[in-house]
S.K.: 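I have a structure here, written as structure tokens, and I will follow up with some questions on it.
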Amino acid sequence: FRSLKIRKEELSDKSFLYLYREFKKKTMVYKFRIISDEVDDFLREIKIDSEASFYDLHEAILKCCKYKDDQMTSFFICDDDWEKETEITLEDMGSGSSEEDTYVMKDTRLSELLEEEKQKMIYVFDPLAERVFFIELAEIITGKELAHATCSRKEGEAPKQTIDFDEQMNTNAALDL
């Protein structure tokens, strides 16, 4: 009840039990499964409180992949065929029309846009080369909460965070010979 800022002494026992049960129903932990189309054996699973922000998930991904926080990353909520639908940006880009909803990672809670298991997202970690992770909400664990996100499963090496275009051009030129 700390997050509700209610003290037990302020409520009757019956009210307290009712609020406690309702609170427990709403507390959830999301378990995300993250894969890459670049590295076959890469897999990460992150557990995070449903009331955490997309920025908290962003930081958890960076930490468990050992990436620097120096890219203009974005999340996209996707349909079942991985088609992008809703973008959540790292910073307010100010380019959306007034009719379009804009979402910023620090201001958007996961529970605002994610509601059911198997929901899909794309995380753009290298925007210049349009490289992404594919993320699925693998499990919703009700009646639990987490203070901090945790990387609960780590397999394989993460792909390089960014591509050096000069290095890529030299590699491609060498292959053309």
Side-chain angles (χ1 to χ4, degrees), residues 3 25-146 148-163 165:
S3 62
K25 283 185 208 171
K26 291 180 177 27
T27 58
M28 295 180 280
V29 170
Y30 289 164
K31 180 170 85 173
F32 292 102
R33 184 166 295 124
I34 304 168
I35 60 171
S36 167
D37 62 350
E38 296 177 37
V39 180
D40 290 337
D41 66 344
F42 171 82
L43 172 71
R44 298 290 187 271
E45 284 184 355
I46 293 176
K47 290 182 181 176
I48 189 169
D49 196 272
S50 65
E51 293 304 304
S53 68
F54 276 86
Y55 187 78
D56 297 325
L57 179 58
H58 156 78
E59 285 187 318
I61 292 169
L62 294 179
K63 185 177 178 182
C64 81
C65 292
K66 297 180 181 161
Y67 287 171
K68 293 179 187 170
D69 190 5
D70 63 355
Q71 299 296 310
M72 285 300 293
T73 60
S74 289
F75 286 98
F76 287 91
I77 306 295
C78 299
D79 65 15
D80 289 338
D81 297 318
W82 297 100
E83 295 295 321
K84 296 175 182 175
E85 292 182 332
T86 304
E87 183 177 17
I88 304 96
T89 58
L90 183 60
E91 301 289 333
D92 185 356
M93 305 307 269
S95 60
S97 70
S98 59
E99 296 156 15
E100 231 177 87
D101 286 333
T102 58
Y103 298 98
V104 178
M105 288 183 201
K106 285 185 179 179
D107 301 332
T108 309
R109 296 193 183 285
L110 296 170
S111 61
E112 283 181 56
L113 300 176
L114 301 172
E115 302 168 342
E116 54 195 50
E117 290 180 352
K118 307 300 179 207
Q119 207 162 351
K120 293 173 174 42
M121 290 191 298
I122 289 175
Y123 175 70
V124 182
F125 64 90
D126 181 1
L128 290 177
E130 296 183 15
R131 297 169 58 233
V132 303
F133 287 140
F134 297 91
I135 303 174
E136 184 178 77
L137 179 51
E139 185 179 0
I140 298 174
I141 306 161
T142 57
K144 302 266 187 207
E145 56 186 320
L146 276 177
H148 302 285
T150 60
C151 185
S152 56
R153 187 171 174 191
K154 188 187 270 192
E155 294 179 18
E157 291 295 317
K160 285 179 68 172
Q161 185 175 10
T162 57
I163 293 176
F165 286 107

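Values reported hereafter were calculated over all heavy atoms of this structure, with side chains retained and with hydrogens, waters and symmetry mates removed. If you're wondering where the values come from, they're calculated on a predicted model, not measured in any experiment.
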S.K.: Quick one: are Leu57 and Tyr30 in side-chain contact, heavy atoms under 4.5 Å?
M.R.: no
S.K.: Check the pair Arg33 / Leu43 against side-chain contact (heavy atoms from CB on, under 4.5 Å), numbers first and verdict last.
M.R.: CA-CA 7 Å; Arg33 184 166 295 124; Leu43 172 71; 3.4 Å; yes
S.K.: Does Ile61 reach the side chain of Ile135, with side-chain heavy atoms less than 4.5 Å apart?
M.R.: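 They are in contact (side-chain heavy atoms under 4.5 Å apart), so the answer is yes.
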S.K.: Indicate yes or no: at least one non-hydrogen side-chain atom of Val124 is less than 4.5 angstrom from one of Thr73.
M.R.: no
S.K.: In Å and rounded to the nearest 0.5 Å, what is the CD1 to CD distance from Ile122 to Glu83?
M.R.: 8.0 Å
S.K.: For Ser74 and Glu87, work out which heavy atoms get closest and say how close.
M.R.: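 Nearest pair, atom of Ser74 first, then Glu87: OG-OE2, 3.0 Å.
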S.K.: Taking the side chain as every heavy atom from C-beta outward, state whether Glu157 and Val39 have any pair of such atoms under 4.5 Å apart.
M.R.: no
S.K.: Any heavy-atom pair between the side chains of Cys151 and Arg44 that's under 4.5 Å?
M.R.: yes
S.K.: Hey, are the side chains of Ser53 and Lys106 touching, using non-hydrogen atoms and a 4.5 Å cut-off?
M.R.: no
S.K.: Looking only at non-hydrogen atoms, find the nearest pair between Glu117 and Ile140 and report the distance.
M.R.: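 Minimum heavy-atom separation between Glu117 and Ile140: OE2-N, 2.9 Å.
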S.K.: Between His58 and Asp69, what is the shortest heavy-atom contact and its length?
M.R.: NE2-OD1, 3.3 Å
S.K.: Taking ring-ring contact (aromatic ring centres under 6.0 Å, His included) as the criterion, tell me which of Phe54, Phe76, Phe134, Phe75 meets it with Tyr123.
M.R.: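 Testing each of Phe54, Phe76, Phe134, Phe75 against Tyr123, the sole residue satisfying ring-ring contact (aromatic ring centres under 6.0 Å, His included) is Phe75.
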S.K.: Between Glu38 and Pro159, what is the shortest heavy-atom contact and its length?
M.R.: OE1-CB, 3.7 Å
S.K.: Could you state the interatomic distance from NE2 (His148) to CG (Asp56), rounded to the nearest 0.5 Å?
M.R.: 10.0 Å
S.K.: If you measure from CG on Asp80 to CD on Gln119, what distance do you get to the nearest 0.5 Å?
M.R.: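 So the gap between those two atoms works out to 9.0 Å.
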S.K.: Between Phe32 and Leu114, does a side-chain contact (heavy atoms from CB on, under 4.5 Å) hold up when you go through it step by step?
M.R.: CA-CA 11 Å; Phe32 292 102; Leu114 301 172; 3.6 Å; yes
S.K.: Mind checking the NZ-CD1 spacing from Lys154 to Ile46? Nearest 0.5 Å is all I need.
M.R.: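 These two atoms lie 9.5 Å from each other.
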S.K.: Which value, rounded to the nearest 0.5 Å, describes the distance between Tyr55 atom OH and Leu110 atom CG?
M.R.: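 Atom-to-atom, Tyr55:OH and Leu110:CG are 14.0 Å apart.
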S.K.: Around Asp79, counting heavy atoms of other residues, nucleotides and ligands shown, do more than 12 lie under 6.0 Å from its CG?
M.R.: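 Correct, the count exceeds 12.
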S.K.: Just wondering, do Lys68 and Thr162 contact through their side chains at under 4.5 Å, heavy atoms?
M.R.: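 No, their side chains stay 4.5 Å or more apart.
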S.K.: Mind running side-chain contact (heavy atoms from CB on, under 4.5 Å) on Ile88 and Met121 for me, showing each step along the way?
M.R.: CA-CA 10 Å; Ile88 304 96; Met121 290 191 298; 5.6 Å; no
S.K.: Between Phe125 and Arg131, is any pair of side-chain heavy atoms under 4.5 Å apart?
M.R.: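 Result yes, sub-4.5 Å side-chain heavy-atom pair found.
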S.K.: Measure the SG-CD distance between Cys65 and Gln161 for me, rounded to the nearest 0.5 Å.
M.R.: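 If we round to the nearest 0.5 Å, Cys65:SG and Gln161:CD are 9.0 Å apart.
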S.K.: For a quick test of reading the model, state the closest non-hydrogen atom pair linking Leu90 to Gln71 and the distance between them.
M.R.: CD2-O, 3.4 Å
S.K.: What are the two closest non-hydrogen atoms of Ser111 and Glu51, and how far apart are they?
M.R.: OG-OE2, 2.8 Å
S.K.: Do the ring planes of Phe133 and Tyr67 sit parallel (below 30°), tilted (30 to 60°) or perpendicular (above 60°)?
M.R.: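 Because their plane-to-plane angle is under 30°, the rings of Phe133 and Tyr67 count as parallel.
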